[in-house]
Amino acid sequence: MSRKVAVVTGASSGIGKQIAKNLHRNGMTVYALSRKVYQMNELDDLGIHTRHLDVTDYDEVQQVIDQIVQETGRIDVLVNNAGLGVFGPVEEVDLAAGEYEFKVNVFAVMKMIQAVLPVMRQQKSGRIVNISSIDGKIYNLLGSWYVGSKFALEGISDALRLELKPFGIDVIVIEPGAIRSAWKDTATGQMVAAAADGPYAKLARQSADFFSLAYKFASEPRVVARMVDRAAFSRRPKTRYAGGAGAKPILCLRRLLPDRCFDAFLTATNKYAQKILNKQTAFNR
Ligand SMILES: NC(=O)c1ccc[n+]([C@@H]2O[C@H](COP(=O)([O-])OP(=O)(O)OC[C@H]3O[C@@H](n4cnc5c(N)ncnc54)[C@H](OP(=O)(O)O)[C@@H]3O)[C@@H](O)[C@H]2O)c1
């Protein structure tokens, strides 16, 4: 049988790049897609196929997938990894930025899935792996847009799992905790900018401090790539894999605590993040 084929979006950095490397190392023919093709040269050198794709350009999505199917005749695994974190006060974040968040994190994922389904149905097999987040299950301060997009992705993935089961296609959700990549600085940078010195400035600073604290313990992208390996290669994959810094304890806490208690926990951790950071810096001196 010909080698299995995987398609990974957002493969130019962080988690997506590592997912592409792992799937390739484990014997798959991998197509790595992103806008910044020049950031995928090292993947080219490994023998991974790299292609330009802006996932919000639906015509380009269709063209790229059609081209891959023409070249390989099959797609066995689609990893919907491309994503961004729009954070900030709902009142202050431009609605267009919020819409773009949902376009990349939700609508583009749907378009990618629509594009691969005909070939997966024909094969009577396939795996769709959606990179969600612990923010698909919990929530955090000034995270409405991002959290909303990842909650949507979780619900979509569950409904789709039922819809595609009769065709032999599985849908798997990955829920990473804090992972070292460009994501955190992009998310917190624009959050602080959106809040500027307006009424939410203090909350934005607290939230940025919380991120700084949480990401001191961030895991490497390979932790997520290993979960994707399991989703792609296990004979009977789980419906969800959670992992990376803080993921399992925080998801457990969310299950145990009523909403108001979880609110209080988040408010306290955001409020005192700066103090903890200061203490840690003094301790390290
Ligand atoms: N880092 C974390 O702590 C963390 C935690 C939980 C979940 N996640 C999720 O993991 C995924 C990957 O994040 P990361 O941490 O690796 O962040 P990252 O380093 O910022 O990478 C984001 C990737 O998404 C791609 N992307 C963004 N907009 C795109 C577009 N319009 N078209 C095509 N590609 C686009 C980027 O590629 P180009 O700019 O080259 O197009 C880049 O490769 C995201 O879905 C994120 O929500 C991250």
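We count ligands from 1, going down the list as the structure has it; atoms in each ligand are counted the same way.
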Peer 1: Evaluate whether atom CZ of R161 has more than 12 neighbouring non-hydrogen atoms of other residues, nucleotides or ligands under 6.0 angstrom away.
Peer 2: yes
Peer 1: Mind running salt bridge (charged side-chain N to carboxylate O under 4.0 Å, His left out) on D135 and K137 for me, showing each step along the way?
Peer 2: CA-CA 5 Å; D135 282 349; K137 286 277 180 56; over 6 Å; no
Peer 1: Side-chain heavy atoms under 4.5 Å apart, restricted to Ile/Leu/Val/Met/Phe/Trp/Tyr: what other residues fall into the cluster of I134, or is it alone?
Peer 2: I138, Y139, V147, F151, I250, L251, L253, L257, F262, F265, L266
Peer 1: I'd like the atom pairs linking ligand 1 to the protein - N or O on both sides, separation under 3.5 Å - with distances to 0.1 Å.
Peer 2:
{"residue": "ligand 1", "atom": "1 (N)", "partner": "I179", "partner atom": "O", "Å": "3.1"}
{"residue": "ligand 1", "atom": "1 (N)", "partner": "S181", "partner atom": "OG", "Å": "3.2"}
{"residue": "ligand 1", "atom": "3 (O)", "partner": "I179", "partner atom": "N", "Å": "2.9"}
{"residue": "ligand 1", "atom": "3 (O)", "partner": "I179", "partner atom": "O", "Å": "3.3"}
{"residue": "ligand 1", "atom": "3 (O)", "partner": "Y215", "partner atom": "OH", "Å": "2.5"}
{"residue": "ligand 1", "atom": "15 (O)", "partner": "S181", "partner atom": "OG", "Å": "2.5"}
{"residue": "ligand 1", "atom": "16 (O)", "partner": "I15", "partner atom": "N", "Å": "2.8"}
{"residue": "ligand 1", "atom": "19 (O)", "partner": "S13", "partner atom": "OG", "Å": "2.8"}
{"residue": "ligand 1", "atom": "21 (O)", "partner": "S13", "partner atom": "OG", "Å": "3.1"}
{"residue": "ligand 1", "atom": "24 (O)", "partner": "G83", "partner atom": "N", "Å": "3.4"}
{"residue": "ligand 1", "atom": "28 (N)", "partner": "R35", "partner atom": "NH2", "Å": "3.2"}
{"residue": "ligand 1", "atom": "31 (N)", "partner": "D54", "partner atom": "OD1", "Å": "3.0"}
{"residue": "ligand 1", "atom": "31 (N)", "partner": "Y100", "partner atom": "OH", "Å": "3.3"}
{"residue": "ligand 1", "atom": "32 (N)", "partner": "V55", "partner atom": "N", "Å": "2.9"}
{"residue": "ligand 1", "atom": "37 (O)", "partner": "S12", "partner atom": "OG", "Å": "3.0"}
{"residue": "ligand 1", "atom": "39 (O)", "partner": "R35", "partner atom": "NH2", "Å": "2.9"}
{"residue": "ligand 1", "atom": "39 (O)", "partner": "K36", "partner atom": "NZ", "Å": "2.8"}
{"residue": "ligand 1", "atom": "40 (O)", "partner": "S12", "partner atom": "OG", "Å": "2.7"}
{"residue": "ligand 1", "atom": "40 (O)", "partner": "S34", "partner atom": "OG", "Å": "3.4"}
{"residue": "ligand 1", "atom": "40 (O)", "partner": "R35", "partner atom": "N", "Å": "3.4"}
{"residue": "ligand 1", "atom": "40 (O)", "partner": "K36", "partner atom": "N", "Å": "2.9"}
{"residue": "ligand 1", "atom": "41 (O)", "partner": "R35", "partner atom": "N", "Å": "2.9"}
{"residue": "ligand 1", "atom": "41 (O)", "partner": "R35", "partner atom": "NE", "Å": "2.7"}
{"residue": "ligand 1", "atom": "43 (O)", "partner": "G10", "partner atom": "O", "Å": "2.9"}
{"residue": "ligand 1", "atom": "43 (O)", "partner": "S12", "partner atom": "N", "Å": "3.4"}
{"residue": "ligand 1", "atom": "43 (O)", "partner": "S12", "partner atom": "OG", "Å": "2.9"}
{"residue": "ligand 1", "atom": "45 (O)", "partner": "N81", "partner atom": "O", "Å": "2.8"}
{"residue": "ligand 1", "atom": "45 (O)", "partner": "K150", "partner atom": "NZ", "Å": "3.1"}
{"residue": "ligand 1", "atom": "47 (O)", "partner": "Y146", "partner atom": "OH", "Å": "2.7"}
{"residue": "ligand 1", "atom": "47 (O)", "partner": "K150", "partner atom": "NZ", "Å": "3.2"}

Peer 1: Would you confirm whether N81, through its side chain, and V8, through its main-chain N or O, come within 3.5 Å as a donor-acceptor pair?
Peer 2: no
Peer 1: Check whether more than 12 heavy atoms from other residues, nucleotides or ligands sit under 6.0 Å from atom OH of Y58, and answer yes or no.
Peer 2: yes
Peer 1: In this structure, is the centre-to-centre distance between the rings of Y100 and W145 below 6.0 Å?
Peer 2: no
